[in-house]
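Here is the structure we will look at, set down as structure tokens.
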Amino acid sequence: MSVTTFGRAITAGLRRALDEDPKVVLMGEDIGQLGGVFRITDGLQKDFGSHRVLDSPLAEAGIMGTAVGLAYRGYRPVVEIQFDGFIYPAFDQIVCQVAKLHYRTQGAVRMPITVRVPFGGGIGSPEHHSESPEAYFTHTSGLRVVSPSTPQDAYTMIRQAIACDDPVLYFEPKRRYHVKGEVDESVGTGTPDLGAARVVTEGTDVTLVTYGPLVTTARDAALAASDDGISIEVIDLRSLAPIDYGTVEASVRKTGRLVITHEAAQSGGLGAELAAGITERCFEHLEHAPVRVTGFDIPYPCSKLESHHLPDLDRILDGVDRALRRPNSLTGATPGGAR
Amino acid sequence: MSVTTFGRAITAGLRRALDEDPKVVLMGEDIGQLGGVFRITDGLQKDFGSHRVLDSPLAEAGIMGTAVGLAYRGYRPVVEIQFDGFIYPAFDQIVCQVAKLHYRTQGAVRMPITVRVPFGGGIGSPEHHSESPEAYFTHTSGLRVVSPSTPQDAYTMIRQAIACDDPVLYFEPKRRYHVKGEVDESVGTGTPDLGAARVVTEGTDVTLVTYGPLVTTARDAALAASDDGISIEVIDLRSLAPIDYGTVEASVRKTGRLVITHEAAQSGGLGAELAAGITERCFEHLEHAPVRVTGFDIPYPCSKLESHHLPDLDRILDGVDRALRRPNSLTGATPGGAR
Amino acid sequence: MSSDGAVSGSRTTAGATVFPGPAHPDADVPVHLVDPDGVRHPHASYDPLVADVDGAALQRLYEDLVVVRRIDAEATALQRQGELALWPPLLGQEAAQIGSGRALRPDDFVFSSYRENAVAYCRGVGLADLLRVWRGSASSGWDPYTVNMATPQIIIGAQALHATGYAMGITADGADSVAVAYFGDGATTQGDVNEAMVFAASYQAPVVFFCQNNHWAISEPVGLQARVPIARRAPGFGIPSVRVDGNDVLACLAVTREALARARSGGGPTYIEAVTYRMGPHTTADDPTRYREAHELEHWAARDPLARLAAHLDSLGLLPAEYADAVRSRADAVAAELREACISMPEPAPSALFEHVYSEPNSWLERQQDHYERYLALFGATSAEGPR
Amino acid sequence: MSSDGAVSGSRTTAGATVFPGPAHPDADVPVHLVDPDGVRHPHASYDPLVADVDGAALQRLYEDLVVVRRIDAEATALQRQGELALWPPLLGQEAAQIGSGRALRPDDFVFSSYRENAVAYCRGVGLADLLRVWRGSASSGWDPYTVNMATPQIIIGAQALHATGYAMGITADGADSVAVAYFGDGATTQGDVNEAMVFAASYQAPVVFFCQNNHWAISEPVGLQARVPIARRAPGFGIPSVRVDGNDVLACLAVTREALARARSGGGPTYIEAVTYRMGPHTTADDPTRYREAHELEHWAARDPLARLAAHLDSLGLLPAEYADAVRSRADAVAAELREACISMPEPAPSALFEHVYSEPNSWLERQQDHYERYLALFGATSAEGPR
Ligand SMILES: Cc1ncc(C[n+]2csc(CCOP(=O)(O)OP(=O)(O)O)c2C)c(N)n1
Ligand SMILES: Cc1ncc(C[n+]2csc(CCOP(=O)(O)OP(=O)(O)O)c2C)c(N)n1
Ligand SMILES: [Mg+2]
Ligand SMILES: [Mg+2]
């Protein structure tokens, strides 16, 4: 057990995977000598050699396509996409090959590829560096999509993702790379299941679901709300595809109210699936329609405006107020209603 | 007013657009001499010349990227993607450029690009020829996404899409190309608005929403249900992004029940957005959770199995039965319950 | 232009690069060992590579050509009769595929497009397996590992990267096998194919890029994809290349052997452009009369790969009538077997819909499958038939 | 290897193509007119192209180099002081950018990456406009049509296709302007850049591909992207190319003029590889000491583009101290103006979030905007400030 940053926890998980399985290879732009632009692979090429940690030529389709070939040959490629916004050139290989080859070949060919994607905003970057493209992948059958939110999960889940025989998109909330937390490296890859959601704080009034970068914000919101006597149950999805509906449903059956928050655009985002899926599963327990607090339906804006675009504590609480039918932005607030 | 096929109606719309605006250019693989694999551009290169109707080299990113350059230069490119499953190499150009350039340049650069995509299944094709990728695009801010379902709409909407100053993904339900209907070529591009949904049949018990390939099936389902005394209001969305929530909401306020059907995979499909959006807008009018009748969360299967994957009349009616809490597949049917 | 088929560079003058003569994708003469009339010509570099090909070996190549053409014709007929949904004929490309396919070792690994049925035949793919995809019964015809050939790729060009990655794995394993990527002239435009060249060159991967330039990508002539011979593209990526007469089975064998030997010995990738011609339609759904002239077909019919080898064998006295008849009967027997395999192919069960999407159970899918099974139960349908 | 910089082909032997000597991305000598010591060398083909460049013109080029270097240094300083979020320095690449940028006509159209600030300067982009993106105030610094230069592209290589498409439009319009695509050595690997070459060649589009090979793509050396000189790639696509000393402003001017003239006269695309060096970090967020040796920088410092032109001017007696001082002061004044423009740049209003996503009203967005405005109203916030 030691205290380490979220980023270092991923590094440790990668190191462990390289250590344990000679078939694990890391691929990506600048991941070797430089250790990646976020230094997540720092030191790994030095320790494992350039045949295990490959600097790839600058082409994401090329990286993903050669990863497919390596998987065909029995390797377990772990691909780093430098930033969220650069995954699209690889989209065809991901959607048509990585996601489908196991099905296409009736199970003969496995694609145990892990795609690491630093994602999300809030780091003051120019365009294409703050995207939240997860919904494209959660809608793609054949893929698994996960996002850790704590150093411990970052460590455990990267190992689970690499150990998984199916392709996993592993979305790293890059603005949390420097957050510190305890990491127990002796935890195995068995529990919790890679697909299992985590109840972050228990509560009785509202279920607040999120993942990755906004889990901390959601927890803070729950803390702030408790001052107003509102009890929020915060759930960290961890797995975005498939969603652990069991855990969310159990919570909503208790609270009767669901708020979902993510950075991605609202329309067609993961919140839509979650709202639809929960309504399907426990309509009669809902006291209010599921509320979505999300990024707007706009291209990611310039960094001076990103704080408006990204859901924050206040916007989440406004959503909670809506779910509870308390004064909120839509009803118009009572004076002093804003925190 | 004349009777023509769905496919020919698109051809007529393209011809009219080429005629009226010298800045309209058609681009795509095999669209010139061959007239496209579906013959939608048949005769257009002969009549307008190979500088207006271009056979493109075989690369979808290349086609989309050069279309962006042509749009920069003031042209209105109409791109044909040969089949739904071949749009992914162009995904990066669509998502990062076509969708964002207008926003990026604060309105200085317009991207009046129309992307024609024959989509959907049911034609007995091998893999990659029967995809329903629309949800990737409806989740992409900056794009408009539409899908016609009748020859008249095919004609009017292709003209509207081309006239629109924003990029439009125009999804053509390819298995309906040969369906015939009346087309009034004197209809202008003004009404109905490209964004407006259409009430196909009025009804009072359930609102059944769909688009493109399944509109006919939905209409047939409504007809069949009327024999059982069930009154279904069928809505053809026409515009998938943005969705005309006003029309759907008005219907659901009346019926209290919503069934959504599409061929695309369920999780994260357009049905999720519609269910979430309608629940948000008129939760208190819902008598039942919105029901989704969709393709499964699987890669598109081999054609011998596609009839199982694709929602058909019976599966839609089963969904209607669920919404109405009549005996259905989930409750287990009363003997003779299956039509 | 060099006449030995090796790629020559552009001529340079003081100043900028100037191309010799009008740019044309057929400007360079390809390597050939046997000419269209069946006459064998000596070739200093390639003769040694096929020195072992004696009369019996030539006859085996001939048998291959006859059989795969017969398979192709039968499959086309099966499609016309409604037994297959679609078929992509390889008519005209037999020599390119057999010449290269027969150069491979069992432990080499092939990544092909949809048209390489003769290559699949060389790899030992079963007759029924050739048809599964086209009958609509499965999305892949065979288990790639049983024949060391990937399931044919429909996304144009994608497999070039797969072959390159696989070859990187061969290097990492310290093995001396080779990955081979087959693709068409149209595919050369795709980003994936070009990126594959960069990756292959950078990692010096043991991969052979085998481009069958059959002059057409559906209705698009090769000139739309390439203004100069396709084989000239690779050297700019640091990859040696060769342009070969794709209708000369012996030349195809020779250049492929050379490329494989280079790859096995650590010499990295090679790019082969096999110049051939798609004598049939793109697929059975295509009508080539809409876009090409009859005289083009005639031109290439005179260069038919099968007729050429037959003429050569004949000139050697290796094609007596009874032998030719025997070969033909054998081909007919194979065709009959193919037909039988097609018609008796079992229908896939609806439960197959949900299998192998993931290698582990998946909650989303289990729920959908459970629901669909309950739905089918409404109709009292067994899992082998649907509601209709 | 030819020593005049034009791309020479691979040597061929009977058999397959063999590359002369070890494959290396710097194997070919680039075109140069002025050497690193400032000595002008005659060049039969390129001298006529710069015959008009007299002493005054040389001085103007010098002034450009000094000013853009000064702008670059000031922007770097502004970033270090927290006034900019990020800056991609062009230090070392001034000659490549000024030499090519000054060859253009106003009606030509530039599609660049993020590092071409000196090209933007040539196009007349305002000082504040150079900084908007890097300060985080906007996603593009200027209206592309006012300066005929697209907003810089961050997606590596995407702009090569835009330039090609734009050039296709020029042809369709019957105009004689040219589109120019700037990109780096790293970008040459991307599918988009390769596809752009196919399209440009096929349509004979009036486009110039201007690749600045600055030897690095962040931490990746050019050798990872190219095993042979980059300029050799284009001829394989049917596009003439030239390798030029990117630190020789006069040579860059000459080869760009040649390419533009070819394009204007219907000769189609040209590919230029300008061999230069990124003397600074990739961006201000990068630490190049992690991946490259100090001696490499020293090697290139001795080939500094500015020092070279200064030496050349000096040898012509065109760099008297008072002139040099005056240029320096002018550059300082520009730097001061830049700083002022940066610091006084207005903050964008939150309402800008929702503007220009579409050119027409959009129901989804209007609802969200309305909601967000009501939300802001909760805090009594004006639209110019957020809740925090
Ligand atoms: C990415 C992609 N785009 C388009 C298609 C449609 N398509 C199928 S085959 C073909 C032509 C391929 O030509 P070529 O590469 O020369 O191979 P050939 O068919 O001649 O063997 C096209 C455009 C596809 N399958 N994949
Ligand atoms: C599609 C894409 N992938 C990755 C990146 C991240 N990235 C930004 S700059 C860069 C290196 C570019 O190198 P080069 O093309 O040589 O241009 P230079 O920076 O040297 O001017 C990379 C990998 C990106 N911007 N876009
Ligand atoms: Mg072809
Ligand atoms: Mg560079």
Side-chain angles (χ1 to χ4, degrees), chain A residues 29-37 39 42 54-62 82-83 85-86 88-89 92 123-129 265-267 294-309 312-315 318 321 327-333 335 337-339, chain D residues 85-86 114 132-140 154-158 184-192 217-221 224-226 282 285-288 290-292 347-350 352-355 357 362 364-365 368-369 371-381 386-388:
Chain A
E29 295 157 9
D30 303 294
I31 68 165
Q33 178 103 0
L34 182 63
V37 296
R39 309 289 186 264
D42 193 21
L54 284 70
D55 272 319
S56 308
L58 208 177
E60 290 76 11
Q82 197 162 83
F83 276 86
F86 309 146
Y88 305 118
D92 176 58
I123 63 160
S125 272
E127 239 192 318
H128 310 293
H129 292 76
Q266 177 162 111
S267 296
T294 68
F296 303 117
D297 286 355
I298 60 174
Y300 201 86
C302 62
S303 61
K304 294 252 183 198
L305 292 179
E306 69 181 334
S307 68
H308 288 276
H309 177 62
D312 59 11
L313 189 141
D314 288 317
R315 267 175 70 202
D318 182 52
D321 287 342
N328 64 68
S329 58
L330 286 179
T331 60
R339 279 166 204 87
Chain D
L86 195 74
Y114 41 83
R132 289 185 206 288
V133 167
W134 309 107
R135 193 165 164 88
S137 306
S139 291
S140 75
I154 290 177
I155 301 296
I156 299 296
D185 46 302
T188 60
T189 296
Q190 287 282 12
D192 279 8
I218 309 186
S219 74
E220 299 190 337
L224 187 62
Q225 327 283 346
H282 171 68
D286 178 42
D287 172 11
R290 288 181 70 100
Y291 53 81
R292 66 186 190 189
E347 296 288 291
L353 273 180
F354 301 97
E355 283 163 16
V357 180
N362 180 287
W364 279 357
L365 212 51
Q368 293 181 9
Q369 177 164 15
H371 189 174
Y372 191 60
E373 276 164 10
R374 296 209 223 174
Y375 170 77
L376 287 183
L378 275 190
F379 299 85
R388 337 218 106 144

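So you know, we letter chains A, B, ... as the sequences are listed, proteins then strands, and number each from 1.
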**OP:** Determine whether D:His371 and A:Asp318 make a side-chain contact, defined as any pair of heavy atoms from C-beta on separated by less than 4.5 Å.
**Re:** yes

**OP:** Mind ranking A:Ser125, A:Ser56, A:Gly124 by heavy-atom pairs under 4.5 Å with chain D and telling me who comes out on top?
**Re:** A:Ser56

**OP:** Name the region of D:Ala138, side chain, backbone, both or neither, that has any atom closer than 4.5 Å to a heavy atom of chain A.
**Re:** backbone

Subject >> D:Arg290/A:Asp42 ion pair, N-O < 4.0 Å >> reply: yes

**OP:** Search all heavy atoms of A:Ser329 against all heavy atoms of D:Tyr375 and return the closest pair with its distance.
**Re:** CB-CA, 3.5 Å

Original post:
With a 4.5 Å heavy-atom cut-off, do D:Tyr372 and A:Arg315 have their side chains touching?
Top reply: yes

**OP:** Determine the option with the most heavy-atom pairs under 4.5 angstrom with chain D, choosing from A:His309, A:Glu306, A:Lys304.
**Re:** A:Lys304

Subject >> Shortest non-hydrogen contact from D:Ala352 toward A:Leu305 >> reply: CB-CD1, 4.1 Å

Original post:
Heavy atoms, side chains only, cut-off 4.5 Å: are D:Arg292 and A:Gln33 in contact?
Top reply: no

**OP:** Search all heavy atoms of D:Ile154 against all heavy atoms of A:His128 and return the closest pair with its distance.
**Re:** CB-CD2, 3.6 Å

Subject >> Side chain A:Asp297, main chain D:Leu365, donor-acceptor under 3.5 Å >> reply: no

Subject >> A:Glu60-D:Gln190 side chain donor-acceptor pair, cut-off 3.5 Å >> reply: yes

Original post:
Side chain of D:Glu220, backbone of A:Asp30: donor and acceptor closer than 3.5 Å?
Top reply: yes

Original post:
So which part of D:Ile218 gets closer than 4.5 Å to some heavy atom of chain A, the side chain, the backbone, both or neither?
Top reply: both

Original post:
Within a strict 4.5 Å, meaning less than it, do heavy atoms of the D:Phe379 and A:Asp314 side chains meet?
Top reply: yes

Original post:
If you count heavy-atom pairs under 4.5 Å between each of D:Thr188, D:Asp287, D:Val357, D:Leu224 and chain A, which one has the most?
Top reply: D:Leu224

Subject >> Most contacts with chain D, counted as non-hydrogen pairs under 4.5 angstrom, among A:Ala61, A:Ser267, A:Pro299 >> reply: A:Ser267

Original post:
Does the side chain of D:Ser139 reach to within under 4.5 Å of the side chain of A:Pro126, using non-hydrogen atoms?
Top reply: no

Original post:
What part of A:Phe86 lies closer than 4.5 angstrom to a heavy atom of chain D: side chain, backbone, both or neither?
Top reply: side chain

Subject >> Region of D:Ala187 in contact with chain A, defined by heavy-atom distances below 4.5 Å >> reply: backbone

**OP:** Search all heavy atoms of D:Arg135 against all heavy atoms of A:Ser303 and return the closest pair with its distance.
**Re:** O-OG, 4.5 Å

